[in-house]
Amino acid sequence: MDFDFSDDQRLLKDSVDRLIADRYDFEQRKKYANEPDGWSRDMWARYAELGLLGLPFPEAAGGFGGGPVETMTVMEAFGRGLVLEPYFATVTLGGGLLRHAGSERQQAALLPQVAAGELKLAFAHVERQSRYDLQDVGVTATRDGAGWLLNGEKSVVLHGDSADKLLVTARTGGSRRDPGGIGVFLVDATAGGVSRRGYPTQDGLRGAEVSFANARAEDVLGDPGGALPAVQRVADEAIAALCAEAVGGMAAMHALTVDYMKTRKQFGRAIGEFQVLQHRAVDNFVALEQARSMAMYATMMAASDDAAERRQAVSAAKVQIGRSGRHIGQEAVQLHGGIAMTMEYKVGHYFKRMTMIEMLFGDTDQHLAVVAGGGGLF
Amino acid sequence: MDFDFSDDQRLLKDSVDRLIADRYDFEQRKKYANEPDGWSRDMWARYAELGLLGLPFPEAAGGFGGGPVETMTVMEAFGRGLVLEPYFATVTLGGGLLRHAGSERQQAALLPQVAAGELKLAFAHVERQSRYDLQDVGVTATRDGAGWLLNGEKSVVLHGDSADKLLVTARTGGSRRDPGGIGVFLVDATAGGVSRRGYPTQDGLRGAEVSFANARAEDVLGDPGGALPAVQRVADEAIAALCAEAVGGMAAMHALTVDYMKTRKQFGRAIGEFQVLQHRAVDNFVALEQARSMAMYATMMAASDDAAERRQAVSAAKVQIGRSGRHIGQEAVQLHGGIAMTMEYKVGHYFKRMTMIEMLFGDTDQHLAVVAGGGGLF
Amino acid sequence: MDLKFTPEEHAFREEVRHFFRTAVPESIRRKVLEGQHLTRQEIVASQRILNEKGWAVPNWPVEWGGQTWTPVQVYLYQDEMQQAGVPAPLGFNTSMVGPVIAEFGSQAQKQRFLARAANLDDWWCQGFSEPGAGSDLASLRTKAERVGDTWVINGQKTWTTLAQHADWIFVLCRTNPTAKKQEGISFILCDMKTPGIKVRPIETIDGGHEVNEVFFDDVVVPYENLVGQENKGWDCAKFLLGNERTGIARVGTSKARLKRIRELAKLERVGDRPLIEDQKFREKLAAVEIELKALEMTQLRIVADERGRQKGKPNPASSILKLKGSVIQQATTELMLEVAGPYAMPYVASDEGDGRNEPGYGPDYAAGAAPTYFNWRKISIYGGSNEIQRNIVAKAILGF
Amino acid sequence: MDLKFTPEEHAFREEVRHFFRTAVPESIRRKVLEGQHLTRQEIVASQRILNEKGWAVPNWPVEWGGQTWTPVQVYLYQDEMQQAGVPAPLGFNTSMVGPVIAEFGSQAQKQRFLARAANLDDWWCQGFSEPGAGSDLASLRTKAERVGDTWVINGQKTWTTLAQHADWIFVLCRTNPTAKKQEGISFILCDMKTPGIKVRPIETIDGGHEVNEVFFDDVVVPYENLVGQENKGWDCAKFLLGNERTGIARVGTSKARLKRIRELAKLERVGDRPLIEDQKFREKLAAVEIELKALEMTQLRIVADERGRQKGKPNPASSILKLKGSVIQQATTELMLEVAGPYAMPYVASDEGDGRNEPGYGPDYAAGAAPTYFNWRKISIYGGSNEIQRNIVAKAILGF
């Protein structure tokens, strides 16, 4: 048991923290958001330069062999900066699918491009009826000669509008909610039969609706009917990463709130002098530390090969993050008052991002049900 | 819509309030608790004298024809006094069963005795396995000539130890959880085959375990296989009465707490000057007023003949009472500090009574499930 | 004590319900129920329908168009209005400046302004809050100096709701800088077209434009635009803030929202079952319904108690309505968010025109779920934050 | 960063687990896990087993019987002890007076008291709280006057836990009445058999006798019973209160309770299904488990941070352990109450002797459900109430 960073981890943390501090303040972020993609190509190049885009990939595939702790470090800093770029979509989700479902050939072909910042990925898995259920897949993939043709629609594909390639769950057999018969297909985003409608998401990031009409897949990752375990594993890693991002955001919101309380004056004194508000800030702090603890727990367990154990741990963390995030977010707004309701002030943006994170890969109640369905955490 | 008391109701309220104020302070209550029955025979006689023991009975049966509002008035005062006597067991439960399931003959024979204070009743319905389910009845009643023999065990019979007669749910047909096949039997508490083990309950009242071994029933109320609707109706009225009692107790706890906060000094000033404690007292006040509102709602709906509507309303009230009672109770203890943990101080006794009320006739979660199973309160 | 409505009250409820659901266009009411923004025209149209019926300003003195309704009738009117999705008559006109002018204004002011306010011929906005003042309203710094027959106003107001639509603004100004905080404040009316007034929009986190900053730069208005006495504007402000506390709980609005959530949860499916059959969701919905039912009863108790009270001296228990009412309204937005699920994520810009140009991305209602959740966080902040309400209850009711 | 235990730490955990579960009688451990009161003899017997192994006072200096364990080892020792239901060594001896004497006492005091305290040959109790003082400990009024070679003590202490068993009491006394609050207090040891000491039991709402009032009426003790310097007793008190903050969360205790609740909920049936299959109950249990898992991680983070800290200067974040730990422990009592259902209602008097004379009325565990719920409300009150903990965090961590 050792909570200290190794030298390499410390180095990584320092450089990411510095990057965010130097290049991702609120005004800079606004500028990035107004660029054509809704994020900064310049920052993307810097991430590539720093090695962040290949961080969790095997060294053989041009990566740095980083593990969950390294991802946590990056995501926490990105949470603090409210980073707009498609890191989560490309590296965590897309890269994760290639790592866990792709062949060595596929990894060797694609991961180096991702690490170099030349290839952006998106993961299309949500459907109109599926909500948060990864195995509820209606999009079909049918054999066509040596290849596959995709048909159907995917919803809320994170950063699906700017992705170069899409990784799409599609059904090759079984009925709509069967665990078997699901494959992950690699599709060029500009291929014939693929159409995309991009939009901003509520938190200022990007999403897209994507439809497939006899769209030809470039490739399939692993078993065309047996990809669900890999998809679930990627989802678990993704949740651990989101937990870390959320902790970064919560910590920043909490710090902003405490600072505001010390400077904002009402009735002749700083509102931070009112004991009742102090105690609420303390409850936020406790909620933050509990969330941080659980983000670490999820990080620790995300690499576990025991799928049931991993799932319990990750779901428990998602519940804690969801509850702490909602509490801290709502309280940050309330303790600030009207200013937090405006686009011009940063806290509201954290609040919105927390709200969206709570909805990604299963909401709090769904994950609570997962934990409740297990045999106990102890 | 009229929240004012009628003249008669005002008179009743004044006289009950005065009785409790004069004869049920904390020291007097202690004395009553130490009497042989665990309650005061003298007070019982006074209730009879005031007409309280016949309050909800038809005038034809020696009663005063009072409705739910009258019961609410009495129970709220009793809640304030933490009254020990078997009013709820005898008048609300026993009397209620006679009113709703008994024949005119049975009512005429027994209710005047109850009203005169000469007959104490208890309702035996809980069983080891039944928890809060009124239709889970394992005690059997079998025909024996013109009468019935009872066999089995009943648990936590409120004031079962001092009751003269027991009203017992028993099964005449069907399997253990069938709604049909349940009758309510009148059994003399000293009859052969009846054995009782009395004990104090956690709140200082009394209960008993009662077993029946070929015990002969004196009588059966109404249909020996069709009593469940009447039992449910009595339970609903009983819950409305408990809600009113709880409001009396919560109001008293809240008042004690606010008074204590104004006098108790810490760090050189009254703890009531600390804003954070003030706000918590306000939250208690809001919880109290919400509970009072729902006790009124339950009172208003308790007389409804539409069983489904009545049940929804009463369950909703029980949920509110359960939540408010727990919140106010725990906060009253916390805001008082150590003193509230002692037997010598009144607040802990309210806290314990609230806890028991939450468990009578279904706990908060069970009633929430009832409301959730309906079509909505609006 | 009779906790049931009388037959007369039932009949009144039916009457207002029928009117609201037939006279006010369904297109407007649907937008209200879905939490969408209304256009200026829609708000004006709806209020004029009510005013024609004589129901836009029931709380005003009868001579200026009010009704002699009992408090229970007022409650039923509000409840049915909210449930039907009828936009409430513009509060700045009907609950704020109107009653203040009726109570404190000169005869000339009454004649000039009241009927126009009732009919929304003039759109009013409220110049109270200032940057840096927040809950501490009385620390305001916008000042009005008397120069001859005029006031010269300089300063800045903020959080001015719908100022972009407004014809007039009522402004609290400091007119005696040496007096103590609450003294030396005056209540002054300004035509928004007066030179020197500038409105700057504030974009809120939901992407909406509801509030504004209003700047006063040597704004000159006639002295006669003063309402009541010079330096006694705080009395007007207190009177105004104390009015209409029962509507604040918005019980009818929450009722309508909970019904809508239940309907939608029957349609949305989780796996192979409707969401409404999910035990957890159902219990969360039931828990909010129970709180709302309790609040409705609490409101009725306060309404019943109102008969004996002086106008403008609200029952301090009405702070409960604000406290609980805001929390319940916010809880409905969280439930709606849950119903929408992943489709709450796409952001669809709404404009001030007639609906949206682009189609949405999921079910129609889903686009509004997150913006409403975000936007309604304001409910526990504005109109005296919930912290201020707790201070009021602590002092006025619990005697701390 | 490696969030897993090392093989050495795992081995240590196994070692303490094995010892606790084999060396300490199961009859004692079962009573602890069921929340029953132990007899004096049981507490003594258990501590002597630990002391024989050298594990009663691992936190003491090595020369007085302590261990050189890492913070992680201390954590594992506590966690396994709590999970096994081994009674913690008597805190008054091992976490309070022992460390104070080891730090501030004379060599003679160390030799006279420490080994006996470790072996529970002397049973100590704590004379800190006074009526009217509560959380404001420093406002104490019990006074000790120096008369020749003695102290003469007069006053009253309260909430004195298990004073009925005690041989000695350590008392905070005011020895300089003119000095400011925290100055002028001394830390004095008294033999409980000294004439003038009277113990009066306080019955708690669960019917138990855990706490007492202790009266001092011209109690004369030798001057040498002073620990540390005259009028510097507050230093001893602060040192004492600052020790051992990590055990305060009682994570292991809550773990054991949650496991027990899960077991019982498999046995208790609701209708035709085990309670554990009730969705709502399961989710409530899971929610508490998640909070506890988070607290366990928080505790490990604080433990890991302890290496660099000075003894007696706790990490202020340990207030989180008290805040959350108390709430979680209390939540387990509410779950247990729910498992017991109607059978929580009968009150079964427990006595100080060996178990109960009367059989209970429902399942065995049920009799303790309500008393434990009642009794454990104290956890958020004593040892610095949760309100005080929030004040500490607000000041020491958030910088208010």
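Here the structure is a predicted model, which means the values were calculated and not measured. Per chain, numbering begins at 1; letters A, B, ... match sequence-line order.
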May I ask you to name which of Thr342(A), Thr364(A), Asp136(A), Leu360(A) has the most heavy-atom pairs under 4.5 Å with chain C?
-> Thr342(A)
Gap separating the CD atom of Gln202(A) from the OH atom of Tyr373(C), nearest 0.5 angstrom | 12.0 Å
What is the minimum heavy-atom distance between Asn386(C) and Gln334(A), and which atoms define it?
-> N-NE2, 4.1 Å
Determine whether Ile381(C) and Val333(A) make a side-chain contact, defined as any pair of heavy atoms from C-beta on separated by less than 4.5 Å.
-> yes
Counting heavy-atom pairs under 4.5 angstrom with chain C, the leader among Thr201(A), Val276(A), Leu277(A), Ile339(A) is Thr201(A)
Winner by heavy-atom pair count (cut-off under 4.5 Å) against chain C, out of Met341(A), Met359(A), Arg326(A) = Met341(A)
When only heavy atoms count and the cut-off is under 4.5 Å, which of residues 267-275 of chain C reach chain A?
-> Glu268(C), Arg269(C), Val270(C), Gly271(C), Asp272(C), Leu275(C)
Before accepting this row, confirm whether a basic side-chain N of the pair Arg200(C)/Glu344(A) lies closer than 4.0 Å to the acidic partner's carboxylate O.
-> yes
Heavy-atom check, side chain of Asp363(A) versus side chain of Glu338(C), under 4.5 Å | yes
Below 4.5 Å from any heavy atom of chain C, which atoms of Arg131(A) appear? Answer side chain, backbone, both or neither.
-> both
Check: Lys284(C) and Asp365(A) side chains under 4.5 Å, non-hydrogen atoms | yes
Please name all residues satisfying side chain to side chain donor-acceptor pair (under 3.5 Å) with Glu130(C), sequence neighbours left out, ordered by chain then number.
-> Thr142(C), Lys157(C)
Would you mind checking which part of Lys378(C) comes under 4.5 Å of any heavy atom in chain A, side chain (CB onward), backbone (N, CA, C, O), both or neither?
-> both
Heavy-atom proximity to chain A below 4.5 Å, by part of Ser139(C) | neither
Quick one: what part of Ala344(C) sits under 4.5 Å from any heavy atom of chain A, side chain, backbone, both or neither?
-> both
Honestly, the part of Ala369(A) sitting under 4.5 Å from a heavy atom of chain C is neither
The reported gap from CG in Leu205(A) to OH in Tyr347(C) (rounded to nearest 0.5 angstrom) is 14.5 Å
Counting heavy-atom pairs under 4.5 Å with chain A, the top scorer among Glu334(C), Lys181(C), Met345(C) is Met345(C)
Yes or no on side chain to side chain contact (heavy atoms under 4.5 Å, CB included) for Leu368(A) and Lys280(C), after CA distance, side-chain angles and deciding distance?
-> CA-CA 10 Å; Leu368(A) 181 61; Lys280(C) 176 93 180 180; 3.5 Å; yes
Checking heavy atoms, do the side chain of Thr355(A), its backbone, both or neither come under 4.5 Å from chain C?
-> side chain
NZ (Lys395(C)) with more than 12 external heavy atoms under 6.0 Å | no
Between Ile205(C) and Ala340(A), which heavy-atom pair has the shortest distance, and what is it?
-> CG2-O, 3.7 Å
Which of residues 262-274 of chain A get closer than 4.5 angstrom to chain C, counting heavy atoms alone?
-> Arg264(A), Lys265(A), Gln266(A), Phe267(A), Gly268(A)
Is there side-chain contact between Gln330(A) and Gln330(C), with at least one heavy-atom pair below 4.5 Å?
-> no
Taking atom CE of Met343(A) and atom CD1 of Ile202(C), what is their separation to the nearest 0.5 Å?
-> 13.0 Å
Could I get the full list of side chain to side chain donor-acceptor pair (under 3.5 Å) partners for Gln278(A), not counting sequence neighbours?
-> none
Which atom names give the shortest non-hydrogen contact between Arg128(A) and Tyr343(C), and what distance separates them?
-> CD-CE1, 3.6 Å
Scored by heavy-atom pairs under 4.5 Å with chain C, the best of Gly338(A), Gly337(A), Gly207(A) is Gly338(A)
Can you tell me how far CZ of Arg280(A) sits from CD of Glu387(C), rounded to the nearest 0.5 angstrom?
-> 4.0 Å
Determine whether Ser155(A) and Tyr361(C) make a side-chain contact, defined as any pair of heavy atoms from C-beta on separated by less than 4.5 Å.
-> no
